[in-house]
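Worksheet: one structure, shown below.
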Amino acid sequence: MRAHPGEKGMIRSELVERLAEANPHLTHKEAERVVSVILEAITQTLAEGGRVELRGFGAFTTRARAARTGRNPKTGEAVAVAAKRVPHFKAGKELRERLNGGPRPSG
């Protein structure tokens with residue numbers, strides 16, 4: 001369920017559905033497996049400290065966040081927040097151009 005009614009967006013099940021529709025030779029179950037395998041490969045590579053680049057689309061990496069002192073919003077009490085790695089996505093040139101009304105690929 002989307003946070004705001006009428007908001008444009010896509011959830012995993014919609015991605016699977018589009019994949020199945022665009023590839024009639026795949027069953028819905030096979031399309032679900034394809035999406036799962038791709039997402040798991042990206043997740044595993046990032047967990048191992050790697051980078052995933054999809055030419056024209058973008059690159060997934062991780063970034064380090066330093067340890068810091070946060071605050072409990074209810075009590076205002078200081079809370080230690082450990083250092084961690086967070087996922088980061090950088091859009092590729094073709095994706096940026098499509099988002100900004102630039103040239104579209106032919107074919």
Side-chain angles (χ1 to χ4, degrees):
M1 182 179 211
R2 293 192 186 91
H4 304 286
E7 177 183 285
K8 289 185 180 182
M10 182 183 293
I11 59 175
R12 182 186 179 120
S13 60
E14 292 168 333
L15 177 61
V16 169
E17 192 60 39
R18 281 200 189 178
L19 181 61
E21 287 173 5
N23 297 279
H25 61 283
L26 291 177
T27 65
H28 191 273
K29 194 170 192 169
E30 290 169 333
E32 170 65 42
R33 181 74 181 132
V34 168
V35 170
S36 292
V37 166
I38 291 169
L39 296 178
E40 179 57 32
I42 291 170
T43 302
Q44 186 62 38
T45 300
L46 293 177
E48 294 168 355
R51 178 177 195 266
V52 177
E53 182 177 337
L54 305 171
R55 297 278 169 148
F57 183 71
F60 296 92
T61 57
T62 59
R63 294 207 169 157
R65 291 252 173 104
R68 62 186 176 83
T69 301
R71 296 240 172 247
N72 179 326
K74 275 190 173 179
T75 65
E77 179 185 352
V79 177
V81 178
K84 58 185 169 184
R85 288 176 27 216
V86 294
H88 177 74
F89 176 75
K90 181 177 179 185
K93 181 180 176 184
E94 288 177 36
L95 177 58
R96 286 192 312 270
E97 286 175 352
R98 297 254 332 245
L99 293 175
N100 295 303
R104 301 195 179 206
S106 59

Under the side chain to side chain donor-acceptor pair (under 3.5 Å) test, residues paired with Glu48 that sit two or more places apart = Gln44
How about Arg85: does its CZ atom have over 12 heavy atoms from other parts shown lying under 6.0 Å from it?
-> yes
Ignoring hydrogens and angles, tell me if any N or O in the side chain of Arg63 forms a donor-acceptor pair with the backbone of Val86 under 3.5 Å.
-> no
Heavy-atom closest pair (Glu30 atom, Leu26 atom, distance to 0.1 Å) is OE1-CA, 3.3 Å
Non-neighbouring partners of Glu53 that pass salt bridge (charged side-chain N to carboxylate O under 4.0 Å, His left out), sequence neighbours left out = Arg51, Arg55
Over 12 non-hydrogen atoms of neighbours within 6.0 angstrom of CZ in Arg33 = no
Ala41 to Thr45 - nearest heavy-atom pair and separation | O-OG1, 2.9 Å
For the pair Asn72 (side chain) and Lys74 (backbone), establish whether a donor and an acceptor sit closer than 3.5 Å, ignoring hydrogens and angles.
-> yes
Cluster check Ile38, Met10: I/L/V/M/F/W/Y, side chain < 4.5 angstrom | yes
Are Phe57 and Leu99 connected in a single hydrophobic cluster, I mean Ile/Leu/Val/Met/Phe/Trp/Tyr linked by side-chain heavy atoms less than 4.5 Å apart?
-> yes
Return yes if some donor-acceptor pair links the side-chain N/O of Arg12 with the main-chain N/O of Val35 below 3.5 Å, else return no.
-> no
Taking every non-hydrogen atom, the tightest pair across Ala78 and Thr69 = CB-CG2, 3.8 Å
Going from NZ on Lys93 to CZ on Arg98, what distance comes out if it is rounded to the nearest 0.5 angstrom?
-> 15.0 Å
Heavy-atom closest pair, residues Leu46 and Phe60 | CD2-O, 3.6 Å
